[in-house]
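Since the structure comes first, as structure tokens, the remarks are kept for the end.
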Amino acid sequence: MSALAAVGSVPQQHLASPAAIAVRELVHRYDNRTALNGVTFDVRPAELFGLLGPNGSGKTTMFRILSTLMVPVGGRAFILGHDAARDPSQLRREIGIVFQSQSIDVKLTATENLRHQGHLYGLRGKDLSARIESVLERVGLADRAKEKAENFSGGMQRRLELAKGLLHGPRVLLLDEPTTGLDPGARRDVWQYLRLLRDQDQVTVLVTTHLMEEAERCDRLAILNEGKLVALGTPTELKREIGGDVIVLDVKEPESLSSRIQTKFDMDVRVVGGQIRLERDHGHRFVSDLFEAFPGEIDAVSIAKPSLEDVFIRRTGHRFWSEQEQHGLTTETRRQEKH
Amino acid sequence: MKLTSIMSSIVVPRITNHKDELLLPALTLWWREIVRFYRQRTRVVGVIASPVLFWLVIGSGFGSSFRSGAGDQHYLDYFYPGALIMIVLFTSIFTMMSVIEDRKEGFLLSVLVAPVSRSAIVLGKVLGGTTLSTIQGLIFLVFAPLVGVHIGFGSYALVAITVFLVSFALTALGFAIAWPMDSTSAFHAIINLFLIPLWLLSGALFPLSGASPWLRLVMQINPLTYGVEALRQLLYPATGGTLFESMATLVLFSLFMFGLAFLMANRRTTKPAA
């Protein structure tokens, strides 16, 4: 993969294109590991855009490049027409960033944190004070303004992070897994703020997530796997490409049965993680055909409307969480995943 | 929870003024450094109490065993400028541990993605540390009359300037060391390996004149020697020497260290910043 060739082939007209964020043939490597392998997508203005992918899919790398923390090895990334690698200082003014890790100083009060942040963005005086007041109001922390952040709950600290990212009134907001470690109520709040920003203030929001349930809430999605873009579209569009229902069978001999199903019904059958998966309209009727055709061979069956995970499996041939990860998941992630 | 929209009423300011990119951010980073320090009481107590203890224990202990090279001066008196430099050394270097903490906690990330020049980050952090260690150093000067120091106001001002220069140089050095590090234990290792010997060989504990030739060479190229030297000349004018040379060396040392810190912070890489 020639990074230089990729840069050269980037057409120049996108500089004037209406995309809020334009990613072109982005390539990045850490030593020998390729983290991003030629990713291209656009984010439209005032869109709530999701970057979905399992751990190690490259979404954190993408986030670091977009937030100007890191220079990509190849390809280019533009936000509001500014090149993230070549014109970082102009770009930094225009974007707000909320990191996954805590970036507030817990030894400072909420107001002090925001005042510090404001000064970094060249804001000062009455203007800054007014902004701090209104942004705290907005994230529901106005009554705790004078308290040190170390006394805040996880949800409140996240809201303060959000306030920090919004203080300078950015037109593009980037968030890296913004709901990590939050309880369901606090997570709903965060998403409510994001929608509000999009609807009332026409802010373009890009959010990374590894949670299917959060990805469902985005206007459009880019799904990453092993550094490559495997799907791009609205959640509905993506799920629509799956014909009908998704049927999953638990059987004793998945390989042999899957080939027999394939021959008999002339359809695509996959074996994923020891289970047979197939897509079919009117799944409930087809299931009874299956039971009649292969009596006694099927232990269990499930029929469901297509989910984003089904889209992921269809595009990559494997599950969203690898088997190892599934066992290694913390109870918290597991709990979050179910929502 | 009441949700009100404010963003629509806010106009994003176009900042073209470079002053705002350097001074205001540097000032706010400096301010945070000070506030954080004084909100951690144990740090305040430790930084003031430990050098005083060190000075009294070592000074008294050595004092009864050795006579200092400078005639009939008591060792506690001889050791006083060295103890002052030690306070400055420890405070300066340790305040820059906050660089590593900021990086680990994630605070530094939000500074790195702000429209702030790297020199503002270096300047703010280094001046923050410098302020703290200069203050600690000057607090220790309260003991000066006890060790037979009787100098005028002008000399005290020069002492303050010397303390500031040494603080600035060492804080910048601390910044340069801390910037690429991701663990405080590695930072401690560096301090033990290089900085304590640097202090030991600065004329703080024993004078240059009594050392063996190769040790004397090391002491002569050690910038801290000139800090100790300048302080000794200012506090005990009778010892004589070349004050101007020492001060000039300190200024060069400060500039060099700041340049080093600036270079470290300006590396924009394809590696993750945190």
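Bear in mind that the values here come from a model prediction, so they are computed numbers and not experimental data.
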For B:V99 versus B:A178, what's the shortest heavy-atom pair and its separation? CB-CB, 4.0 Å
Quick check on the 6.0 Å ring-centre criterion: do B:Y80 and B:F143 meet it? no
What option among A:K148, A:E112, A:Q202, A:E161 has the most heavy-atom pairs under 4.5 Å with chain B? A:E112
Non-hydrogen atoms of chain A under 4.5 Å away: do they reach the side chain of B:V35, the backbone, both or neither? side chain
Separation between CD1 (B:I177) and CG (B:L195), nearest 0.5 Å, reads 5.0 Å
A cation-pi test, strictly: NZ or CZ of B:R32 under 6.0 Å from the centre of the six-membered ring of B:F107 and no more than 45 degrees from its axis. Yes or no? yes
Partner chain B: residue of A:V98, A:T60, A:V106, A:D105 with the largest heavy-atom pair count (under 4.5 Å): A:D105
Contact winner vs chain A - B:A26, B:G124, B:S110, heavy-atom pairs under 4.5 Å: B:S110
For A:Q100, is the CD atom crowded, meaning more than 12 foreign heavy atoms sit under 6.0 Å from it? yes
Are A:E150 and A:K107 within salt-bridge range, i.e. N to O under 4.0 Å? yes
Given a strict heavy-atom distance threshold of 4.5 Å, which part of A:L108 is in contact with chain B: side chain, backbone, both, or neither? both
Under 4.5 Å heavy-atom distance to chain B, tell me which part of A:S67 shows up: side chain, backbone, both or neither. both
Could you tell me which portion of B:L27 (side chain, backbone, both or neither) has an atom closer than 4.5 angstrom to a non-hydrogen atom of chain A? neither
